[in-house]
Engineer: 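For reference, the structure I am asking about is given below.
Values below: all heavy atoms of this structure, side chains included; hydrogens, waters and symmetry mates excluded.
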Amino acid sequence: MRNALRAIAIAACLPYIGLKAAWIAGSHLGIPEGSELREPGERTAMIAVNAVSVIMDAAVVVLALLLTRPWGRRVPAWLLALPVWCACGLLAPIMTGFPAQLAAGALGFTKTAQQDDERGAFLADWVFGVVYGGFIVQGLALGALFVLYARDRWGGLWRGRLADLPADGPTRPAQRLTAVVATVLVLPPTAVHLLWAGGSAAGLSEARAAERGSDFYLVEAIYVLFALATATGVLMLAFRAGRRVPLSLPLALAWVGSGALACWGGWLTLAGLTAGKDDDRAPTGLMSVTYPGQMIVGLLVLVAGACFFSERAAARREA
């Protein structure tokens with residue numbers, strides 16, 4: 001089964017890498033006439049962004065090999081966990097959002113604002129199907145491989161119930177404080193995403209406000225869901241809420257939720273930094289605070305999770 005999942009994960013990367021490589025080489029495959037991506041001034045930025053995305057997707061191939069080959073068991077825990085956390089964070093919103101967008105489109109909702117007459121379509125529709133469909137397959141295959149790997153290597157650290165966690169410990173006060181701080185810090189960006197999901201254009205750049213449609217609203221709602229998942233996971237772990245709940249549930253909520261917040265917050269922050277001051281896509285003040293804010297929360301939960309597992313591992317060694 002692992003060999004099959006590895007083959008599926010690697011095969012799912014090839015269309016995306018091939019398409020990006022074609023664009024870097026100068027091809028206009030899937031880029032319609034009139035798209036801003038064909039503008040000469042966008043060439044350098046397009047090469048840079050596509051090169052980064054090719055490297056990121058190629059990392060999925062490396063992870064698939066690492067999770068299934070004997071040498072992968074010798075890799076330091078942090079060197080494996082960090083890239084998998086990033087992959088989960090980047091892929092999870094796509095795996096939930098793209099099917100929801102397809103469903104909304106099938107029900108007749110407008111996907112984006114109608115601007116094709118003014119600027120031309122950004123990309124051909126089939127490109128999104130190929131790219132996001134591949135991401136979903138990658139996420140499912142890579143997620144299954146990581147669960148199998150983690151069960152074999154670290155199963156004792158995340159199995160059991162919340163009730164099995166020690167009532168007191170040297171870092172218990174710090175865990176509670178961190179959970180409360182993370183929950184408080186995630187409230188402002190969550191409120192902003194909820195505002196945008198509800199239809200408000202407050203704090204949006206001119207271009208983002210003009211492009212809103214069902215796709216935009218669904219993405220913003222999904223950010224809210226991942227923020228709530230993060231807060232729920234860390235609070236359950238810190239305050240032992242739901243003692244009969246499997247330990248894997250709050251860990252999964254905190255793991256995936258924090259990854260989505262940090263990685264997409266970081267990606268959107270980076271995209272804003274590359275936009276020119278006169279660009280209508282340049283982030284507003286509210287956007288410049290919201291995206292880094294959610295990134296900080298995700299990183300804070302990541303550090304707290306590393307401390308949690310380190311303490312668990314130390315306790316098992318002493319036992």
Engineer: Do Leu237 and Gln175 come close enough that some side-chain heavy atom pair is under 4.5 Å?
Structural biologist: no
Engineer: In the structure I gave you, are the side-chain heavy atoms of Arg176 and Phe239 within less than 4.5 Å of one another anywhere?
Structural biologist: yes
Engineer: For the residue pair Phe216 and Leu204, establish whether any side-chain heavy-atom pair is separated by less than 4.5 Å.
Structural biologist: yes
Engineer: Just so I know, are the side chains of Leu247 and Arg312 near enough to count as touching, which here means a heavy-atom distance under 4.5 Å?
Structural biologist: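 Yes - at least one pair of side-chain heavy atoms lies under 4.5 Å apart.
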Engineer: Is the backbone N or O of Met287 less than 3.5 Å from a side-chain atom of Thr290, with the two atoms forming a donor-acceptor pair by type?
Structural biologist: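 A pair under 3.5 Å: no.
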Engineer: Taking ring pair (Phe, Tyr, Trp, His ring centres under 6.0 Å) as the definition, give me every residue that meets it alongside Phe308, ordered by chain and number, with sequence neighbours left out.
Structural biologist: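 Here no residue qualifies.
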Engineer: For the backbone of Thr230 and the side chain of Ser258, can you confirm whether one donor and one acceptor N or O come within less than 3.5 Å of each other?
Structural biologist: no
Engineer: Tell me whether the count of non-hydrogen atoms from other residues, nucleotides or ligands lying under 6.0 Å of OH in Tyr132 goes above 12.
Structural biologist: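 Atom OH in Tyr132 is not crowded, with 12 or fewer foreign heavy atoms closer than 6.0 Å.
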Engineer: Could you please spell out the steps behind the side-chain contact (heavy atoms from CB on, under 4.5 Å) verdict for Ile10 and Arg6?
Structural biologist: CA-CA 6 Å; Ile10 293 175; Arg6 179 181 62 205; 3.9 Å; yes
Engineer: Measure across Gly298 and Ala262 and return the closest heavy-atom pair with its distance rounded to 0.1 Å.
Structural biologist: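 That closest heavy-atom pairing would be CA-CB, 3.8 Å.
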Engineer: Side chains of Arg172 and Glu311: does their closest heavy-atom pair fall under 4.5 Å?
Structural biologist: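 Sidechains of Glu311 and Arg172: no contact.
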Engineer: Count I, L, V, M, F, W, Y as connected when their side-chain heavy atoms are under 4.5 Å apart, and connections chain through other members. Are Ile47 and Val54 then in the same cluster?
Structural biologist: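 Cluster IDs for Ile47 and Val54 match.
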Engineer: Any sub-3.5 Å donor-acceptor pair from Gln294's side-chain atoms to Leu261's backbone N or O?
Structural biologist: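 Confirmed, Gln294 side chain pairs with Leu261 backbone.
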Engineer: Strictly under 6.0 Å, is that where the ring centroids of Phe98 and Phe128 end up?
Structural biologist: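 Not close enough - the centres of the two rings lie 6.0 Å or further apart.
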Engineer: Strictly under 6.0 Å, is that where the ring centroids of Tyr149 and Trp154 end up?
Structural biologist: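 Distance test on ring centres: under 6.0 Å, yes.
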Engineer: Shortest non-hydrogen contact from Ala201 to Ala209?
Structural biologist: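 Heavy atoms only, the tightest pair is CB-CB, 4.2 Å.
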Engineer: Does any non-hydrogen side-chain atom of Val84 lie less than 4.5 Å from one of Trp255?
Structural biologist: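 Touching, per the 4.5 Å side-chain cut-off.
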Engineer: Which heavy atom of Pro15 sits nearest a heavy atom of Ala11, and at what distance?
Structural biologist: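 Of all heavy-atom pairs spanning Pro15 and Ala11, the closest is CD-O, 3.3 Å.
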Engineer: Quick one: do Val234 and Thr178 satisfy side-chain contact (heavy atoms from CB on, under 4.5 Å)? Show the steps, please.
Structural biologist: CA-CA 8 Å; Val234 295; Thr178 302; over 6 Å; no
Engineer: Indicate the atoms forming the closest heavy-atom contact of Gly265 with Thr269, along with that distance.
Structural biologist: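 Smallest interatomic distance, heavy atoms only, reads O-OG1, 2.7 Å.
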Engineer: What's the separation between atom CD1 in Ile8 and atom CG in Leu142, rounded to the nearest 0.5 Å?
Structural biologist: 12.0 Å
Engineer: Looking at every heavy atom in both Ala92 and Val256, which two are closest together, and how far apart are they?
Structural biologist: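 Closest approach of Ala92 to Val256, heavy atoms only: CB-CG1, 3.6 Å.
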Engineer: Say whether, by atom type as modelled, one donor and one acceptor occur between the side chain of Arg244 and the main chain of Arg161 under 3.5 angstrom.
Structural biologist: no
Engineer: Can you tell me how far the CZ atom of Phe226 sits from the CG atom of Leu253, to the nearest 0.5 Å?
Structural biologist: 10.0 Å
Engineer: Check for me, please, whether Val127 and Ile94 land in the same ILVMFWY cluster - side-chain distances under 4.5 Å, paths through other members count.
Structural biologist: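 The answer is yes; both residues are in one hydrophobic cluster.
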Engineer: Not counting sequence neighbours, list each pair that qualifies as a salt bridge (Lys or Arg N to Asp or Glu O under 4.0 Å) and has a residue in residues 145-159.
Structural biologist: Arg2-Asp152
Engineer: Tell me if a side-chain donor or acceptor on Arg73 pairs with a main-chain N or O of Pro70 at a distance below 3.5 Å.
Structural biologist: no
Engineer: Does the Arg316 side chain pair with the main chain of Leu157, one donor and one acceptor, at a distance under 3.5 Å?
Structural biologist: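 Side chain of Arg316 to backbone of Leu157, a donor-acceptor pair under 3.5 Å: no, none is there.
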Engineer: Please round to the nearest 0.5 Å and tell me the distance separating atom CG of Leu80 and atom CZ of Arg74.
Structural biologist: 13.5 Å
Engineer: CG/Leu299 to CH2/Trp85 distance, rounded to the nearest 0.5 angstrom?
Structural biologist: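 One gets 5.0 Å once the value is rounded to the nearest 0.5 Å.
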Engineer: For Leu251 and Phe309, what are the C-alpha separation, side-chain angles and deciding distance, and is it a side-chain contact (heavy atoms from CB on, under 4.5 Å)?
Structural biologist: CA-CA 10 Å; Leu251 286 173; Phe309 282 114; 3.9 Å; yes
Engineer: Between Leu148 and Leu5, is any pair of side-chain heavy atoms under 4.5 Å apart?
Structural biologist: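 Leu148 vs Leu5: side chains touch.
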Engineer: Out of curiosity, Lys20 NZ to Leu29 CG, how far, rounded to the nearest 0.5 Å?
Structural biologist: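 CG of Leu29 is found 12.0 Å from NZ of Lys20.
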Engineer: Got more than 12 heavy atoms from elsewhere within 6.0 Å of CH2, Trp78?
Structural biologist: no
Engineer: Looking at Leu66 and Val75, what are the two nearest heavy atoms and their distance?
Structural biologist: CD1-CG2, 3.8 Å
Engineer: How long is the gap from CD1 on Ile222 to CD on Gln101, to the nearest 0.5 Å?
Structural biologist: 7.0 Å
Engineer: Indicate yes or no: at least one non-hydrogen side-chain atom of Pro99 is less than 4.5 angstrom from one of Ile136.
Structural biologist: yes
Engineer: Does Ala221 offer a backbone N or O that forms a donor-acceptor pair with the side chain of Trp196 under 3.5 Å?
Structural biologist: no
Engineer: Residues in salt bridge (charged side-chain N to carboxylate O under 4.0 Å, His left out) with Arg208, at least two apart?
Structural biologist: Glu211
Engineer: Linking I/L/V/M/F/W/Y whenever their side-chain heavy atoms sit closer than 4.5 Å, directly or via other members, would Trp23 and Met56 fall into one cluster?
Structural biologist: yes
Engineer: For the hydrophobic clusters of this structure (ILVMFWY residues joined by side-chain heavy atoms under 4.5 Å, transitively), does one cluster hold both Leu90 and Val219?
Structural biologist: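 Shared cluster, yes.
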Engineer: Grouping I, L, V, M, F, W and Y whenever their side-chain heavy atoms are under 4.5 Å apart, do Leu187 and Leu185 come out in a common cluster?
Structural biologist: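 No, no single cluster joins them.
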Engineer: State whether the side chain of Thr284 and the backbone N or O of Gly203 hold a donor-acceptor pair below 3.5 Å, judged by distance alone.
Structural biologist: yes
